[in-house]
There are 2 protein chains.
Amino acid sequence: MVASTQKVSEPTSSWDPYARGCPSRDVLDHIGSKWAVLVLGELGRHGACRFTRLRQELAGVSEKMLTQTLRTLERDGLLVRTVYPEAPIRVEYELTPLGQTLRGPLKALTEWSVQHIEEVLDAREEYDDRTAKRS
Amino acid sequence: MVASTQKVSEPTSSWDPYARGCPSRDVLDHIGSKWAVLVLGELGRHGACRFTRLRQELAGVSEKMLTQTLRTLERDGLLVRTVYPEAPIRVEYELTPLGQTLRGPLKALTEWSVQHIEEVLDAREEYDDRTAKRS
DNA sequence: CTGAATCCTTAAGGATACTG
DNA sequence: CAGTATCCTTAAGGATTCAG
C-alpha cells in the first residue's frame, strides 16, 4: 500500500508542532511519553519482543499501561503486533521500518538522560537550597 | 573517560531508565513531556525568551502549565530564569550550557514528527479500518 | 500467556480571578 | 507583565478480576 500521492492539499512544510491542533504535536507526545520511549528503545536494541519480556524489562510498568502504550504505537505505525496461535499463545512486537527511523533520536535522548543525570541532580539540589531559604 | 575522582558511591554506568526508581527515568519524562519539548525547542531556536512570547509561541498552552514546565526545567538545570525589575517587570528564560546539549536530540525528535507525520496518519487510518471491520 | 474489563485513587490540566 | 491561588473537570494510572 504505497498510496503516496493522494491528498496533495497539505504540503509537508505546513505541519508544525507549535500550532494548536497539529497532529505532529500528538505524535511527538506519543513518542516522548514515559513508557513509549522505553518500549521503542527496547525493541530497537533487542529486536522482536514478547509481552512478558517487555513487562519485565520496563521495570514497574503495569499491564494496562504497557498494553495501552503498545496499542498507541501500533496504531501510529511504529511497531507491528504478531500473534502466534500456539498454546499457550505467543505475541511478539517488533519495530516497523518507520519505527526503526526513531531508534537514533530516541537513543540519543535516553543516553542523554544517563550521561547528564548527575548534573541534573546537582542542579536540583542547588535549586532546592536556593528556594528553601525563603525566611 | 572513566570518572575516577568524584563520588565513587555510584558509578555512571549504573544509571538506567529501565530501572524502577532511577532518576534518569524522571528526567527522561521531563524532557520528553508535551510542553517541555516545545519550550526547550523555542529557547534553542530563538535564544532568550520572555514569558509572554513563549505563551504565544506554544499555541494553546495555559499559563499554569507553562509556569509549571518552566519551573521543572529550571530546577533540572536546563534553563535559567532572569528577572529584570523594570516597570513593567520583565522576565527572560534562556538555556543553560546543560540545556544547550539537549538542542540536537530534541530538534531531531521534533523534525521527525514533522517529516513522518503523513506516514503516521496513513498508518492510523489503516489501523482504524482494520480494527473497525469486526463484524 | 496475553490481554480486556472493571473499579478506584491520584494527578494532570483548564478557567477564572487576583497580586506585586 | 508575569505570575500565584483557587476551583473544578477530565484523564492517567494502579489493582484486581476474568477470559480467549
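Naming: A, B, ... by sequence-line order, numbering from 1 per chain.
- Note that CD of A/Glu74 and OG1 of A/Thr67 are 11.5 Å apart. Values are rounded to the nearest 0.5 Å.
- Among the atoms of the strands shown, only primed sugar atoms or phosphate atoms (P, OP1, OP2) are found under 4.0 Å from some heavy atom of A/Tyr93.
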Give me, pair by pair, the N or O atoms of the protein and of nucleotides 18-20 of chain C that are less than 3.5 Å apart, along with how far apart they are.
none

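- Between the NE2 atom of A/His30 and the P atom of D/dA11 there is a distance of 13 Å, rounded to whole Å.
- Nucleotide C/dA12 holds its C1' atom 14 Å from the NZ atom of A/Lys34, rounded to whole Å.
- When every heavy atom of B/Phe51 is checked against every heavy atom of B/Glu63, the shortest pair comes out as CZ-O, 4.2 Å.
- In this structure, A/Asp76 and B/Arg124 approach most closely via the heavy-atom pair OD1-NE, 2.7 Å.
- When all heavy atoms of A/Ala48 and A/Glu92 are compared, the pair lying nearest together is CB-OE1, 3.6 Å.
- Heavy-atom neighbours of A/Lys34 NZ from other residues, nucleotides or ligands within 6.0 Å: above the threshold of 12.
- Partner of B/Glu42 under the salt bridge (charged side-chain N to carboxylate O under 4.0 Å, His left out) criterion, out of B/Arg53, B/Arg50, B/Lys107: B/Arg53 alone.
- Closest of all the heavy-atom pairs between B/Ser24 and A/Ile117 is N-CD1, 3.6 Å.
- Following rounding to the nearest Å, B/Arg55 (CZ) and D/dA2 (P) show an atom-to-atom distance of 8 Å.
- Every side-chain hydrogen bond (donor to acceptor under 3.5 Å, both in side chains) that B/Glu119 has, sequence neighbours left out, goes to B/His116.
- Listed by residue number, B/Ser62, B/Lys64, B/Met65 are the residues of residues 62-74 of chain B with a heavy-atom contact under 4.0 Å to DNA chain C.
- Remark: B/Arg50 is in phosphate contact with D/dA2, judged by side-chain N or O atoms under 4.0 Å from OP1 or OP2.
- Nucleic acid contact class of B/Arg81 (heavy atoms, under 4.0 Å, all strands): sugar-phosphate only.
- The distance between atom CZ of A/Arg20 and atom C1' of C/dG13, rounded to the nearest whole Å, is 14 Å.
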